[in-house]
2 protein chains.
Amino acid sequence: MTGARGPESTVVEVSTRDGSYDVVVRTGAIAEIPRLVTERLSCERFAIISDDHVAPIHGRAVMDACSDAGLDTSLFTFPAGESSKTRKSWSILTDELLEAGFGRDSCVIAVGGGVTTDLAGFVAATYLRGVPVVQVPTSYLAMIDASVGGKTGVDVRTGKNLVGAFHPPRLVLADPGVLTTLPLAERAQGLVEAFKHGAILDAAYFDSLGDGVADLMAADTDVAGPAVARSVELKAKVVSEDEFEGGYRQILNFGHTLGHAIEAASGYALGHGSAVAIGMLLETRLGERLGVTEAGTHERLEIALEALLGPLDQVSFDASAAVGYLRTDKKVRKGKPRVVLLRSLGEVDPGDGWSHEVSEAVLAEALGAGSGVAG
Amino acid sequence: MTGARGPESTVVEVSTRDGSYDVVVRTGAIAEIPRLVTERLSCERFAIISDDHVAPIHGRAVMDACSDAGLDTSLFTFPAGESSKTRKSWSILTDELLEAGFGRDSCVIAVGGGVTTDLAGFVAATYLRGVPVVQVPTSYLAMIDASVGGKTGVDVRTGKNLVGAFHPPRLVLADPGVLTTLPLAERAQGLVEAFKHGAILDAAYFDSLGDGVADLMAADTDVAGPAVARSVELKAKVVSEDEFEGGYRQILNFGHTLGHAIEAASGYALGHGSAVAIGMLLETRLGERLGVTEAGTHERLEIALEALLGPLDQVSFDASAAVGYLRTDKKVRKGKPRVVLLRSLGEVDPGDGWSHEVSEAVLAEALGAGSGVAG
């Protein structure tokens with residue numbers, strides 16, 4: 001991973017087993033897609049995949065830019081929302097591309113939030129056993145998290161992201177200028193992952209996010225651009241070291257062992273960001289109790305996350321249901337749940353392979369302590 | 001790729017971007033699965049996937065061998081037949097494994113023919129974004145072709161194998177001793193791929209197969225073992241040079257451009273082997289007509305393949321339907337169909353990236369000439 005940052009543009013190179021790809025963070029870059037793509041890929045046809053909220057705005061903009069540049073481009077849409085991140089939507093999109101005759105020399109361009117980048121990425125990963133994908137994230141979550149690292153996939157009844165593939169993009173193009181179209185609630189939910197990057201890797205960045213919450217929520221590109229770029233740099237550094245989550249990459253799961261369980265127990269009524277925020281707080285309180293995490297870390301996290309999301313100790317969830325979901329978590333190893341614990345703000349405790357085995361009973365207690373109404 | 005052959009055992013090492021894996025060809029090796037697997041993999045749980053014809057015989061044998069060795073093993077079955085090679089079967093098997101709580105430290109063991117190795121391989125490729133798969137092929141086709149090279153996938157309405165992933169196995173264990181349980185028709189169909197290996201890479205091997213047809217059909221391990229081993233060596237050499245079918249690997253598609261189209265046009269009533277055999281003959285006649293293939297090659301192919309399959313010029317198919325299927329073939333590049341042509345028996349013409357662009361009109365003529373009743 002190497003980075004190059006200009007006054008308005010950051011290009012982060014992410015290493016994979018198949019070479020590397022660039023993440024370009026630049027306001028206004030959506031208009032430059034045809035050049036950025038054709039510099040890197042020799043595809044004959046382009047399939048833009050976008051949900052029906054984003055397609056009329058940014059999907060159409062990418063489509064027009066590509067068509068104006070003489071590229072053979074088609075737009076495929078699916079209904080917006082996490083409920084579309086399914087094997088069924090994946091099947092429908094795949095069949096539509098097949099019926100339109102897209103061959104191996106095609107490229108998928110995903111334009112949208114995390115649902116779109118994950119779903120379209122999985123279409124590309126499995127289409128004729130794999131065609132290139134260009135990720136054009138249009139939400140904070142997708143820019144900061146979903147589009148970097150090559151994870152693609154869909155949700156199933158048993159849980160989220162349990163079916164999928166590692167399929168690194170050939171290019172990621174994050175244009176912070178599009179964030180003003182993002183609903184406010186989604187801005188806050190997505191920014192949680194930026195705070196997570198700060199919490200595990202860079203305390204100064206964590207503090208700067210806390211100071212900039214109002215500007216970040218306003219999607220002021222002068223503040224949002226550098227934040228997206230910094231999160232991309234941090235995430236790229238991690239996934240370049242450990243592409244397949246064998247070890248170090250697990251640190252990105254901070255807050256996610258309990259967060260995913262809480263999110264699932266809420267029937268996904270609770271936003272992913274809020275669930276992860278609560279997960280980070282509960283895992284940090286647990287870490288302090290176990291003597292792994294520096295005392296006072298929980299409080300610093302809580303102040304920053306509540307500035308973003310409002311009071312989090314009021315959020316209710318079914319703790320016993322959450323405990324049940326822990327068992328199907330991908331982070332289970334040898335049947336035992338594992339948790340990433342901070343050593344201090346900005347630093348993860350190495351533990352046993354970057355996470356700690358914690359008994360279900362201890363996690364149940366940690367979850368129960370997280371809510372006044374928990375069962 | 002390196003090979004080591006003893007009197008009764010061949011181990012072929014196949015290189016992939018993620019390291020390498022062994023293909024062990026040895027009569028009686030099924031009983032040694034626990035040792036061979038645990039020498040190479042540190043998995044906590046094993047999910048055997050097998051169809052309901054093979055499961056009671058070889059699936060159960062693998063299951064018992066693993067259980068006796070103290071491995072935590074479960075057996076999952078699906079209805080036998082190509083009609084099970086679908087996204088639906090893949091979904092059902094995936095859900096069954098998830099519900100049984102298989103985590104990332106699990107391993108899939110596919111026991112069966114090509115449908116099973118492809119389907120179970122795709123389950124493994126996409127389960128929690130990928131878990132290891134051990135391939136235990138029980139048919140000629142699966143031993144010779146399907147289980148080497150990492151191709152996994154399912155069929156869709158538009159065509160066969162159009163959805164899938166490259167997911168190299170961690171070990172392939174081919175035990176020619178199990179071939180006696182294979183129906184005779186399937187033996188003949190599978191052996192076509194062995195003749196293909198000879199036709200593209202090794203004329204002496206091709207001739208030896210022709211001489212040994214009776215013993216191969218009887219599944220005499222003294223003849224079947226070396227043939228499986230030689231085919232595995234040849235295929236491994238090709239896929240080690242070109243894992244993702246960017247160039248050289250295309251030579252394995254000899255007979256398949258027209259063969260797949262003929263198979264699809266028959267509504268899959270025609271066996272894959274027969275369709276590929278006819279495809280090889282038609283592509284070779286085309287090659288001779290174009291001056292690419294040495295004159296007389298078609299005749300040598302025809303004598304050998306008809307000794308295996310009976311008269312092939314009596315087989316009828318709808319040529320105009322076959323032309324339609326050519327358009328959705330994965331081998332289409334820049335919208336134009338491509339065909340692998342021999343230079344002579346045992347050698348492929350390099351063409352333009354190991355295949356030739358041939359117009360639809362010329363292919364339609366080649367297909368029409370292939371059958372007295374073709375439309």
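Quick caveat: nothing in here was measured; it's all calculated off a predicted structure. Any value given below was found using the heavy atoms of this structure, including those in side chains, with hydrogens, waters and symmetry copies removed.
A donor-acceptor pair under 3.5 Å is absent between the side-chain atoms of A/Arg17 and the main chain of B/Arg17, judged by distance alone.
For a residue to count as touching a neighbouring chain, one of its non-hydrogen atoms must lie under 4.5 Å from one of that chain's; by this rule A/Arg45 does not touch chain B. Interface remark: A/Thr152 contributes backbone atoms only to the contact with chain B (heavy atom separation under 4.5 Å). For a residue to count as touching a neighbouring chain, one of its non-hydrogen atoms must lie under 4.5 Å from one of that chain's; by this rule A/Val163 touches chain B with backbone and side chain alike. Residue A/Ser91 touches chain B through both its backbone and its side chain, counting heavy-atom pairs closer than 4.5 Å.
Between atom OG1 of residue B/Thr126 and atom CZ of residue A/Phe166 there is a gap of 12.5 Å, rounded to the nearest 0.5 Å. Distance check, rounded to the nearest 0.5 Å: CG of A/Leu98 to CZ of B/Arg157 gives 9.0 Å.
For the pair A/Leu162/B/Arg129, no side-chain contact is recorded, criterion being any heavy-atom separation below 4.5 Å from C-beta on. At a threshold of 4.5 Å between non-hydrogen side-chain atoms, the residues B/Arg87 and A/Asp95 count as touching.
Identified by a heavy-atom distance below 4.5 Å to chain B, the contributing residues of residues 116-125 of chain A are A/Phe122, A/Ala125, in residue-number order.
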